[in-house]
Amino acid sequence: MKVKKRVADVIEVLEDFAPPKLAYSWDNVGLLIGERDSEISKVLVCLDVTPSVVEHAIKNNFSLIIAHHPLIFNPLKNVTDPLILKLIRNNVSVYVMHTNLDLVKNGVSKALADRLGLQNLKFIEQDTETYHIALYVPPEDVSIVADAVHRAGAGIIGNYSHCLNSYQVKGQFKPLEGSDPALGTYNKLEKLEETKLEFFVAKPLLDRVLNAIHTAHPYETPAYAIYPQQQSSLNYGLGIIGELANPLSLKELVILVKEKLVAPFVKLWLANESPDKEVSKIAVCGGSGSSLIEKAANIADVYISADFTYHKILESKIPLIDAGHFYTEYPILNVLKELLQPLNLDIEVLDITKADIGKLVCI
């Protein structure tokens, strides 16, 4: 039996998966229409909030739309758009995951790589800063505090979680006027045994981890230090490079891409290579991927993405397969559906044939 949840329940799951702070400054993600406390039972997952999608949502009693592309991108001076007004009148909430969903490890490009059967995956370009935190905790509270920071997202390095170092140290402090110490006496120097915890945190999760420290730590004022690292996080990046289980020729790969993505057509730029050339190292990026062509050329045999411009194509030193913006991003929708399954809601991924781009006629 499907149950009713709040919009906030869905948001919690989605933001654990793709924190909004990952999104680029020019982007607009999060809850764009609706109230966090609104009750929902049916969720529609799609790439774009178009008039036909809104009609489908209203007709079928969906109370929440989760979309990849922002319905509202630029600041609004007024609310007169008929599409937005229709959503509001029918109490349909809209939540958007855009560049934050592009950058997470299991996001848009990973879903595309999985659909194509690629193995041994890694980012083409790593993104976002990493911080090293040193935190001082009473020995008896280590497990409580460590559990809190791990739940907040600290200590994740590549495919490993709960990464942490600990050391026994000696500390001291003197409570001053206005303090309310958990240990010690006002105006008296206290010396004690402490445990120093060290762990890494990706920049988008820093505030959440610090909040967890202040909530779980027994001290009125926890002592910690934050050190920026000269390395990017292994957990966030753009594009994916992987390997085919068995090499394919370029023309065989084009057929595979077209079939796996259910694309009406794909475009191949050979870059002076033969269509019979065998390839095994494949770079992919869901959506617009022109910015990664040069990096892909240094590590892959062929690059699959979308929206390649005329001059970018001519300049490319690597074969390119343009499978379309919509079709290279569509695989992420089923990932989001699976992510939300534990909430026991009625969730539908908008079928390709019902999406506006899916009605494109190829002649």
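Numbering starts at 1 and runs along the sequence shown. Values below: every heavy atom of this structure, side chains too, minus hydrogens, waters and symmetry copies.
Put simply, Leu64 and Val53 are part of two different groups of oily side chains (I, L, V, M, F, W, Y) that touch within less than 4.5 Å, one to the next.
Residues passing the ring-ring contact (aromatic ring centres under 6.0 Å, His included) test with Tyr186, sequence neighbours excluded: none. The ring-ring contact (aromatic ring centres under 6.0 Å, His included) check on Tyr24 picks up Trp26, with sequence neighbours excluded. Judged as a side chain to side chain contact (heavy atoms under 4.5 Å, CB included), and not counting sequence neighbours, the contacts of Lys122 are Ile241.
Taking the six-membered ring where tryptophan is involved, the planes of His150 and His162 are tilted, since the angle between them lies from 30° to 60°.
For residues 284-318, the pairs satisfying ring-ring contact (aromatic ring centres under 6.0 Å, His included) are Tyr303-Phe308, with sequence neighbours left out. Note on residues 107-127: no pairs pass ring-ring contact (aromatic ring centres under 6.0 Å, His included), not counting sequence neighbours. Residue pairs satisfying the ring-ring contact (aromatic ring centres under 6.0 Å, His included) criterion with at least one member in residues 238-263, sequence neighbours excluded, are absent. For residues 232-264, the set of pairs meeting the ring-ring contact (aromatic ring centres under 6.0 Å, His included) definition, not counting sequence neighbours, is empty.
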Review item, side-chain donor-acceptor pairs of residues 170-182, under 3.5 Å, at least two apart:
from	atom 1	to	atom 2	distance (Å)
Lys170	NZ	Glu193	OE2	2.6
Ser179	OG	Leu176	N	3.4
Ser179	OG	Leu176	O	2.6

For residues 65-86, which side-chain donor-acceptor pairs fall under 3.5 Å, sequence neighbours excluded?
from	atom 1	to	atom 2	distance (Å)
His68	ND1	Met97	O	2.7
His68	NE2	Glu329	OE2	3.3
His69	ND1	Leu47	O	3.3
His69	ND1	Asp48	OD1	2.7
His69	NE2	His325	NE2	3.3
His69	NE2	Glu329	OE1	2.9
Asn78	OD1	Thr80	OG1	3.2
Asp81	OD1	Leu83	N	2.8
Lys86	NZ	Glu55	OE2	2.4

Below 3.5 Å, can you tabulate the donor-acceptor pairs from side chains in residues 12-23 to any protein atom, sequence neighbours excluded?
from	atom 1	to	atom 2	distance (Å)
Glu15	OE2	Tyr95	OH	2.8
Asp16	OD1	Arg208	NH1	2.8
Lys21	NZ	Asp207	OD2	2.1

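For the pair Lys354 and Asp351, the salt-bridge criterion is not met [side-chain N within less than 4.0 Å of a carboxylate O]. In summary, Glu198 and Lys196 engage in a salt bridge, as defined by a charged side-chain N under 4.0 Å from a carboxylate O. A salt bridge does not link Lys281 with Asp301: none of the charged nitrogens is closer than 4.0 Å to a carboxylate oxygen.
Asp276 and Ser249 are not linked by any side-chain donor-acceptor pair at a separation below 3.5 angstrom, with hydrogens and angles left out of the test. Side chains of His214 and Glu220: a donor-acceptor N/O pair is absent below 3.5 angstrom, by distance only.
The hydrophobic cluster containing Tyr160, built from Ile/Leu/Val/Met/Phe/Trp/Tyr side-chain heavy atoms closer than 4.5 Å, comprises no other residue. The other residues sharing a hydrophobic cluster with Ile157 are Phe200, Leu234, where clustering joins ILVMFWY side chains under 4.5 Å apart.
Checked by atom type and distance alone, the side chain of Glu190 pairs as donor or acceptor with a backbone atom of Thr185 at under 3.5 Å.
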